[in-house]
Amino acid sequence: MSDKRKAIIATTWDYLLKTGLGNASVGELCKETKLAQSSLYYWFENKDDIWIAAGKYGLSKVVDALFTFTLNHTNDVRKYFDTLLSEIEKYKYELRLALQITTSPMFGERMREKSKDFRLLYEKYAEKLIEIFGCTHEQAEYFIYTIIASVIDYAIWDDGEKTQMLLENLYGRIVEKIDIEQ
């Protein structure tokens with residue numbers, strides 16, 4: 001992907017965060033990117049392609065940030081579970097926008113199709129967890145997908161108490177299964 005396309009996608013994501021998907025327009029995006037509409041369409045097939053590329057970019061940023069946070073706390077798993085909601089809070093608005101694009105009747109199917117490579121990213125992180133904790137692949141996947149479900153639940157419902165309860169359950173299972181020091 002060219003640097004110019006990457007820059008347009010990043011600017012589009014920032015624009016969507018400011019305006020929201022429902023208020024977004026290509027005309028206003030052209031002002032943000034300082035590009036003529038014809039130049040914008042040089043880089044993207046159509047308006048939907050622009051919003052989907054931005055959604056994938058935004059979701060990638062958040063996923064990478066949260067997985068980096070996870071990997072940075074492997075030496076203190078208790079602290080990780082105690083501070084994860086605060087970390088998710090930093091990205092809640094971005095998560096909501098990415099979820100809106102991903103579940104949208106207009107963009108959702110294509111967004112999910114273009115984002116299938118996230119499973120490869122999850123696999124990469126699973127391998128790191130296996131290496132760090134000596135757990136099985138199944139345990140690493142269970143952890144990753146339970147964290148994803150918790151992140152999404154918190155981003156949508158904003159119920160820290162319920163999400164923390166889910167995280168505590170996961171922590172208990174992890175301590176039990178792979179003998180992490182409490």
Side-chain angles (χ1 to χ4, degrees), residues 1 3 5-6 9-10 12-14 16-17 51-104 107-160 162-182:
M1 181 184 307
D3 288 344
R5 180 175 162 91
K6 286 178 190 175
I9 291 170
T12 301
W13 179 247
D14 291 341
L16 289 173
L17 286 170
W51 304 148
I52 291 167
K56 184 177 176 189
Y57 166 82
L59 188 57
S60 294
K61 274 182 55 174
V62 172
V63 166
D64 189 52
L66 291 175
F67 275 127
T68 298
F69 177 80
T70 299
L71 293 175
N72 287 340
H73 287 82
T74 57
N75 61 340
D76 190 347
V77 176
R78 179 70 261 168
K79 183 177 179 184
Y80 169 76
F81 279 94
D82 289 342
T83 59
L84 182 58
L85 285 184
S86 296
E87 190 67 15
I88 297 167
E89 187 70 34
K90 296 175 187 177
Y91 303 101
K92 195 178 340 180
Y93 187 71
E94 291 169 284
L95 282 163
R96 287 177 177 164
L97 178 59
L99 288 168
Q100 180 185 12
I101 295 169
T102 304
T103 60
S104 159
F107 309 114
E109 188 175 327
R110 285 171 286 155
M111 172 72 169
R112 289 186 298 275
E113 182 64 36
K114 289 187 179 234
S115 298
K116 283 188 176 182
D117 55 344
F118 277 103
R119 295 216 186 266
L120 298 173
L121 181 62
Y122 302 158
E123 187 65 32
K124 180 179 105 177
Y125 284 111
E127 293 301 322
K128 287 183 181 186
L129 292 174
I130 291 166
E131 180 182 315
I132 292 166
F133 293 115
C135 59
T136 67
H137 190 271
E138 183 178 306
Q139 289 168 331
E141 278 191 330
Y142 176 82
F143 172 80
I144 289 169
Y145 286 100
T146 303
I147 291 293
I148 291 168
S150 298
V151 166
I152 292 169
D153 182 75
Y154 185 61
I156 293 171
W157 300 111
D158 202 19
D159 188 340
K162 295 277 192 264
T163 304
Q164 192 62 45
M165 179 184 68
L166 294 170
L167 292 173
E168 288 304 319
N169 183 289
L170 177 61
Y171 175 75
R173 287 183 56 107
I174 288 171
V175 169
E176 175 186 305
K177 295 283 185 192
I178 58 176
D179 298 323
I180 294 175
E181 294 289 322
Q182 292 190 44

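The shown structure was predicted, so the numbers you read here are calculated from the model rather than taken from an experiment. Residue indices begin at 1 and follow the sequence shown.
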For Ile101 and Gly55 the tightest heavy-atom approach is CD1-CA, 3.7 Å
Value for CE (Met165) from OG (Ser150), rounded to nearest 0.5 Å, stands at 10.0 Å
Between Lys114 and Lys56, the two heavy atoms sitting closest are O-NZ, 2.9 Å
Given the options Ile88, Asp159, Leu95, Leu166, Tyr154 meets side chain to side chain contact (heavy atoms under 4.5 Å, CB included) only with Ile88
Return the CG to CD1 distance between Asp14 and Ile9, rounded to the nearest 0.5 Å.
12.5 Å
Can you give me the closest heavy-atom contact between Gly160 and Leu85, atom names plus distance?
O-CD1, 3.3 Å
Do the side chains of Glu113 and Arg110 get close enough for a salt bridge, i.e. N-O under 4.0 angstrom?
no
Taking the side chain as every heavy atom from C-beta outward, state whether Glu89 and Lys92 have any atom pair closer than 4.5 Å.
yes
Could you point out which residue of Leu167, Asn169, Val175 forms a side chain to side chain contact (heavy atoms under 4.5 Å, CB included) with Tyr171?
Val175
Drop me the distance from Ile156's CD1 to Thr103's OG1, to the nearest 0.5 angstrom.
7.5 Å
Rounded to the nearest 0.5 Å, the CG atom of Leu66 sits from the CG atom of Leu71 at a distance of 11.0 Å
With a 4.5 Å cut-off on side-chain heavy atoms, are Phe133 and Val77 touching?
yes
Interatomic distance, Asp76 atom CG to Phe81 atom CZ [nearest 0.5 angstrom]
11.5 Å
Check: Thr163 and Trp157 side chains under 4.5 Å, non-hydrogen atoms
no
Ion pair Glu109/Arg112, N-O distance below 4.0 Å
no
May I ask you to test the Met111-Gln100 pair for a side-chain heavy-atom distance under 4.5 Å?
no
Less than 3.5 Å apart, which donor and acceptor atoms pair up between the side chains of residues 124-131 and the rest of the protein, not counting sequence neighbours?
| unit_1 | atom_1 | unit_2 | atom_2 | d |
| --- | --- | --- | --- | --- |
| Tyr125 | OH | Asp64 | OD1 | 2.9 |

Would you name the heavy atoms of Phe118 and Ser60 that are closest together and state the gap between them?
CZ-OG, 3.3 Å
Check side chain to side chain donor-acceptor pair (under 3.5 Å) between Gln164 and all other residues, then give those that pass, not counting sequence neighbours.
Glu168
Heavy-atom closest pair, residues Lys90 and Glu87:
NZ-OE1, 2.9 Å
Would you please name every residue forming a side chain to side chain donor-acceptor pair (under 3.5 Å) with Tyr80, sequence neighbours left out?
Thr70
Do you know the tightest heavy-atom contact between Thr83 and Phe69?
OG1-CZ, 3.3 Å
Candidates Ile148, Thr146, Ile147 - the one meeting side chain to side chain contact (heavy atoms under 4.5 Å, CB included) with Ile144:
Ile148
The single option from Phe67, Tyr57, Tyr91 passing side chain to side chain contact (heavy atoms under 4.5 Å, CB included) against Val62:
Tyr91
